[in-house]
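Take a look at the structure below.
Count residues from 1 along the sequence. On a predicted model such as this, the values are computed, not experimentally measured, just so you know. Heavy atoms only: backbone and side chains are in, while hydrogens, waters and symmetry mates are out. Whatever order the structure lists ligands and atoms in, that order sets their numbers, starting from 1.
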Amino acid sequence: MIPLVKPYMPPREVLMPALEQILYSGYIATGQAVDDFEMEFRRFIGNPNMLSLHSGTDALHLAFILAGVKPGDEVISTPMTAEPTNTSIAMVGAKVVWGDVDPANGLLDPASVHSLITERTKAIVLVDYAGMVCDIDAFRHISAETGVPLIEDAAHALGSKYKGRMTGCNVPYTIFSLQAIKHMTTVDGGFLAVRSEAELDRARRLRWFGLDKKRSRLENDITEVGYKYAMNNVNATIGLVQMRYIEDVIGKYIANGKFYDEALAGADGVTLPFYYPGAEASYWLYTMKVERRDDFIRMMEANGVLASPLHHRSDTHSIFKDSRRDLPGMEQWYESFVHIPCGWWVTPEDRIRIVELVKKGW
Ligand SMILES: Cc1ncc(COP(=O)(O)O)c(C=O)c1O
């Protein structure tokens, strides 16, 4: 069965010596390997103000704190995401306000967001779902008009771009996840991109109990409660080795995604997603809408290809019952969207076979 997700691990003969070296080095906590990995990752994204963390969820939590979201505030978000996007809003005590999605791609709809802004709105979370990029300019306009900061959850969108600029450089706060099944994994890990060195410094303290790691413990004074969110040298070593392969690996997702865009255009029973002008997806999953989805999934599985929607809509969870509202765009999108395999493990022969299967019908 061709899976929908699969962790990429660098070649054993390259990764294992590096891992063995760090494991027996006497320094497996947060140290030089983490600093080195951060430097490489910043260079790849092109943003000097990026901090490594133990997870993407940690990055989201810190992003809400840095954006100034407090208990009782409102954050506009999307139900079309993985749960951490929205549970981390609850972590800072804020209320989720559900924006509707564009039924053409499942991404947050700027017009819906605009209509929901009140004086209590303290942040807007954009999720680049499945590696597709949100309508960044439309959200920038909303942010400029209202003063509400944007947080881009790019857990699915490492290597995507907007108007030629890497995701991670386009809005005040961006988060990435390096969890097991993402484009790049360090087993677990995350990154937070912020606006300035001062914010980076604050985030760095928040990642380590509120302590300043550059000072000795005796000289330290905690002025703001922090967390234990740092990456360790073992995860960072995996990351450092992954960086040598990252362009090639992400390139395979993108090449497969573009192949499907061309080859499946106009196929019966299929509607391809609408990409906003200037958006360059990194196709973590290939996403489309299909007629009679259950039949489609059955037909693909019978032919050895996993096809499925991956995430459950977030707004149905009991913890968000006070936020529930009608979301007609979401209803429309949710009943017919599906993913097909698109990642580095899908070979040129596989993708041709997948297209043939889809075109043959179900
Ligand atoms: C959209 C989205 N946001 C955030 C996260 C959280 O990332 P992590 O698992 O690294 O905490 C995930 C994945 O797990 C995700 O899919």
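- The pair K360-E356 does not count as a salt bridge, with every side-chain nitrogen at least 4.0 angstrom from each carboxylate oxygen.
- No close placement of the Y227 and H54 rings is indicated, their centers lying 6.0 Å or farther apart.
- Ranked by closest heavy atom to atom 3 (N) of ligand 1, the top entry among T57, D188, D153, L178 is D153.
- Between S177 and ligand 1, at least one N/O pair is under 3.5 Å apart.
- The shortest N or O to N or O distance between K182 and ligand 1 is below 3.5 Å.
- Below 30°, between 30° and 60°, or above 60°: for W362 and F296 the angle between ring planes is above 60°, a perpendicular geometry.
- D137 and Y276 share no side-chain donor-acceptor pair at under 3.5 Å.
- Taking any N or O of D58, backbone or side chain, none lies under 3.5 Å from an N or O belonging to ligand 1.
- The shortest separation from a heavy atom of G189 to ligand 1 is under 4.0 Å, placing the residue in contact.
- The closest protein non-hydrogen atom to atom 16 (O) of ligand 1 is H156 NE2, 2.7 Å.
- Of the protein's heavy atoms, A155 CB, 3.4 Å lies nearest to atom 2 (C) of ligand 1.
- Taking distance alone, with nitrogen or oxygen atoms compared against 3.5 Å, A82 stays at or beyond that limit from ligand 1.
- Checking S55, S88, A157, P84 against atom 5 (C) of ligand 1, the nearest heavy atom belongs to P84.
- Between the side chains of D261 and Y286, at least one donor N or O sits under 3.5 Å from an acceptor N or O.
- With W333 as the aromatic partner, K289 does not meet the cation-pi criteria of under 6.0 angstrom to the ring centre and within 45 degrees of the ring axis.
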